[in-house]
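Within every chain, numbering begins at 1; the chains are lettered A, B, ... in the order of the sequence lines, protein sequences first and strands thereafter.
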Amino acid sequence: MAETATAARPTRLPTSEALLRRQRGWFFGLSGDRVAKVVFQSNAAISILVLALITFTIFRDAVGFVPQNRQNLEIYRLAGLEFTDHLRREVEDYSAFNRYLGAIRSDRFAQLQRSGLSIAAAQAQLADFDAYANRVADAISAHETILGTLTDTATSLKERQKVAQDTAHARADLERALPTATPAHAAELRRQIETLVPETINFRTEVQAMKDQLPEMKTANTALAATLADLAAHAPRFSDAALDARLAHFTELMQQFPAQLAAATKRMETWDQLKPVSFAESLTAFAFGRDWITASFWQDWYGILPLFFGSLLISIIALAIAIPLGIAAAVYVNQVARPVEQRFIKPTIEFVSAIPSVVLGFFGIAVLGESLRKLSQLPALDWVPGFPFSERLNATTAACLLALMAVPTIFSLAEDAINNVPRSFKEASLALGSTRLQTIVHIIIPSALSGIMAAILLGLGRVIGETMVVLLCAGNRIQIPDFTAGIGTAFQPVHTMTGIIAQEMGEVVRGSLHYRALFMVGVLLFLISLLINWLAQKIVRRYRIAAS
Amino acid sequence: MTQPSDRLFTQPTFAKRAEATVFWLLRAATYFVLLCAAVIFLDIGVKGGAVIFKTHAPFINTTFLTESPETLNVFELHGEKRQMGDRDFRAFKAEHAAELKDVRVETYVYSAGGIFPNIVGTVLLVVGSMTIALVLGVISAIYLSEYATDGPFIRFLRLAIVNLAGVPSIVYGLFGFGLFVIGLNMGVSLLAGWLTLAFMVLPIIITASEEALRAVPKGYREGSLALGATKLQTIFTNVLPYALPGILTSSVLSIARVAGETAPIMFTAAFVVRDEMPWQVKHAIDFVFQGVMALPYHIYVVASKIPQNDYTRDVQYGTAFVFLFTVAAIAATSVVLRVRLRKKYKW
């Protein structure tokens, strides 16, 4: 027993052994290598942290948009703005009729003048037509009056709601200050709090007054239907086939209008003021909204579609220019050019990508916009739809510059892809007697196709994310481009997702709905770029050829 | 005289002709791109060069490069058109108050004086953000290529880095604004701009540095380890020196990118006008919490906020010239560096 105990007791190390044994480490028991590893690791961790922060920050600020927009839409509904908008849309549609008539009149007037009539005589000839147009314009006046009262009621209601909300906020602020205040100050605060009584608005009864106008509206509807039928029966006729056809189209539209109006009235009747706005509705109002209206007295809308289509239109035009140029240059440099050319062209095109975008934007404003407009005004080019431009700065101006930015990206990636095609493919093709062109078209390009596709996608990413050029040169009109114009669509001014952030971020109040809407746009851009990157990687991985 | 075989060689076949045409088209497309770039460089070079360079001594427009922007006053006095910066104009007005009474004075903001504070601000932004980005980026890259063992986490990290490299710069601007300017209450400041720009190029630097590190042959490391060097010693003596050229090239390219970006600094670091120079601060700590003027933002302002005419053209083209050619010089350095270093280091 005693013997084993002695054996188990640790003995002192011999001195020689203690000296020879390696030290455990000089830094908290860690060796230099371990320390280095920790340092490197923590640094990589910082990088990860940063990347996570980016995602977190923009998402955090954007997420608040949904509930806040829901509130916004709730007020819109509660205060009867939605109710009013049903009628407003119809009245606006009707005023389109007047514009239509106005266009016909001015065409007819021009016709008469061309046939040699003096201005006075032409006016006299059109007197009957003008009387008719006036009757058309007047027919809707009853509705316009109703719309006016509805608008007034709704805006004042919304205003009162806003004041009540502000008062409640101020009161809450004071109440929060109360516990820490000195007695004298507290008395003062209490007095202030008493004066701040937020009004409680009963939206139901208030809006009832608006709803009470529905019978009135129905009578107006019947009257309008009768007037329109009468107007359609007595539509004027010109002796010109084209104009008459337009007039016939006009009367047809007018006859359909009462049915449209009745449908709107029906919607107003069944409209439910207290129907809650769901979160999904708030989100779809953003995702599928057709208006981006800020700082409006009536109602702010944050719909992404006009900006999204603006970005899309510009990207499509830019890629339509950049893809052929970029790929042609890549094929040329890799397959056709002599070594001297290669050494010169490759770095030069890559060098182009270093031109700062703001300089390109400035060039667009100072030179390109004006030159393109001059070009579009050439009489020889009148046959092109959309020529001459109405605006100096439009989607095409911006897209031309963006194309120049996308070419280096597409070029260098596509050139890499072509370079990676195994030599044996080319040699085999040539050995079978194909020409160089046949080899390029049938062997090299198909083999490199995945890389080329990835290059195009990354070019798209570059174009969609570009800010300064579109901000300076795209014309900044917030409207869904009119795609019915065909090729002319390309010459309309547009606004883009990146542009709107750059333009409006500086002026918004922090935490407001507008602020959050801009972060939502940022999140959308973020997601789009992630999608593009992911697709590009996937394509490359999926279609990679075995390089052996 | 003409043999059938001769004809075969002198008369190109259809395929040959098609090939030549297509090749010419390709060539035309390639040179068209170069031409477009050349037009931009020429336009800004000629018009801006006229502002910067003078035909008489000292041959360089020193006022433009050393003074702050001013408002330009244009007026007609005794049938003579005069243009004056704000300071000169005030002095002139004090002297000739009576004469100037009924004279109509047109003013153009930012169109006189020079762009010195903008140059200083840009340099400060670039130096600071590149320091942060390089330290973080290179060390992260060393970790990723030398220490990290492949696993789901590292793979996820790589994916995140690659994807972040493609995120639009305006989104970084939004991020910097939300986190630094507002979230951490830094205000529009140099520090917020540094961090925003640094994080914008971080993914690019990490990817490029890692690639450079991976290109160093494995044998170099193994040889060093076999001789008994520690891992750290191996990295410092046998890996980094050979990867340095690659890292350097990519970082020079990132400098060009950082200097050229406007969107991220628009609401994180840049002011339209700031009267004091960056070093004129009360406390040293204020240095990093001040906004600065910067060339790219200045170009944006003078291109979009003031009219395009002969009086404002000087400042617009002059600024664009200085900016474009500085960035171009940085980018050219990187291209030259890459070509030279590639020749030097070959394994």
inquiry  = Given heavy-atom pairs under 4.5 angstrom as the criterion, report whether the side chain, backbone, both or neither of B:I206 touches chain A.
reply    = side chain
ask   = Rounded to the nearest 0.5 Å, how far does NZ of B:K231 lie from NZ of A:K37?
value = 7.0 Å
Portion of A:F351 that has a non-hydrogen atom of chain B nearer than 4.5 angstrom = side chain
request  = Might you point out which heavy atoms bring B:A263 and A:M468 nearest each other, and give the distance in Å?
outcome  = N-SD, 4.0 Å
key: Side chain, backbone, both or neither of A:L360 within contact of chain B (heavy atoms, under 4.5 Å)   = side chain
request  = Using non-hydrogen atoms and a 4.5 Å limit, figure out which bit of B:F267 sits close to chain A: side chain, backbone, both or neither.
outcome  = side chain
request  = Below 4.5 Å from any heavy atom of chain A, which atoms of B:E19 appear? Answer side chain, backbone, both or neither.
outcome  = both
key: When A:I532, A:V407, A:I345, A:V352 are compared by non-hydrogen pairs under 4.5 Å with chain B, the top option   = A:I345
message = Using heavy-atom distances under 4.5 Å, tell me whether B:V188 contacts chain A through its side chain, its backbone, both, or neither.
response = neither
ask   = From A:I349 CD1 over to B:T30 OG1, what is the distance, rounded to the nearest 0.5 angstrom?
value = 6.0 Å
Residue A:L530 versus chain B: region with a heavy atom under 4.5 Å = both
key: Residue part contacting chain A, namely of B:L164, when any heavy atom lies under 4.5 Å   = side chain
remark   = Max heavy-atom pairs within cutoff under 4.5 Å with chain B, candidates A:T467, A:V333, A:L525, goes to A:T467
query = Checking heavy atoms, do the side chain of B:L157, its backbone, both or neither come under 4.5 Å from chain A?
reply = side chain
request  = Check each atom of B:A28 against the heavy atoms of chain A and say whether the ones under 4.5 Å are side chain, backbone, both or neither.
outcome  = neither
ask   = Can the ring centroids of A:F362 and B:Y317 be said to lie less than 6.0 angstrom from one another?
value = yes
key: Part of A:L404 lying under 4.5 Å from any heavy atom of chain B   = side chain
query = For the atom pair CZ (B:F177) and OG1 (A:T57), what is the distance rounded to the nearest 0.5 Å?
reply = 13.0 Å
key: Proximal component of A:E341, with respect to chain B [non-hydrogen, under 4.5 Å]   = side chain
request  = Can you tell which part of B:I139 gets under 4.5 Å to a heavy atom of chain A, answering side chain, backbone, both or neither?
outcome  = both
request  = Heavy-atom distances under 4.5 Å only: say whether B:L34 touches chain A with side chain, backbone, both or neither.
outcome  = side chain
Contact class of B:F32 relative to chain A, heavy atoms under 4.5 angstrom = side chain
Which atoms of A:F411 approach chain B - backbone, side chain, both or neither, heavy atom under 4.5 Å = neither
ask   = What part of B:F153 is in contact with chain A, defined as an atom under 4.5 angstrom from a non-hydrogen atom: side chain, backbone, both or neither?
value = side chain
note = Cut-off 4.5 Å, heavy atoms of chain A, and the answer for B:Y31 is side chain
Engaged part of A:R60 at the chain B interface, taking heavy atoms whose separation is under 4.5 Å = side chain
task = Evaluate whether atom OH of B:Y147 has more than 12 neighbouring non-hydrogen atoms of other residues, nucleotides or ligands under 6.0 angstrom away.
result = yes
ask   = How long is the span from the CD1 atom in B:I182 to the CZ atom in A:R510, to the nearest 0.5 Å?
value = 5.5 Å
key: Heavy-atom contact with chain B under 4.5 Å, split by part of A:T435   = both
ask   = What are the two closest non-hydrogen atoms of A:I355 and B:F41, and how far apart are they?
value = CD1-CE1, 3.7 Å
CD1 on A:I54 to CZ on B:F199, rounded to 0.5 Å = 7.5 Å
request  = Just grab all the side chain to side chain donor-acceptor pair (under 3.5 Å) pairs involving residues 356-365 of chain A, residues at least two apart or on different chains.
outcome  = A:S357-A:E466
ask   = Using non-hydrogen atoms only, which part of B:K47 is less than 4.5 Å away from chain A: side chain, backbone, both, or neither?
value = side chain
query = Checking heavy atoms, do the side chain of A:L458, its backbone, both or neither come under 4.5 Å from chain B?
reply = neither
key: Spatial distance of atom CD1 (B:I40) from atom CZ (A:F363) [nearest 0.5 Å]   = 5.0 Å
key: Contact origin within A:F344 toward chain B - heavy atom pairs under 4.5 Å   = side chain
inquiry  = Between B:I170 and chain A, with a heavy-atom cut-off of 4.5 Å, which part of the residue counts as in contact: side chain, backbone, both or neither?
reply    = both
note = Note: vs chain A, highest number of non-hydrogen pairs under 4.5 angstrom among B:L174, B:V171, B:V33 is B:L174
Between A:F519, A:W534, A:F526, the one whose heavy-atom pairs under 4.5 Å with chain B are most numerous = A:F519
key: Name of the residue among A:V358, A:L471, A:L472 meeting side-chain contact (heavy atoms from CB on, under 4.5 Å) with B:S304   = A:L472
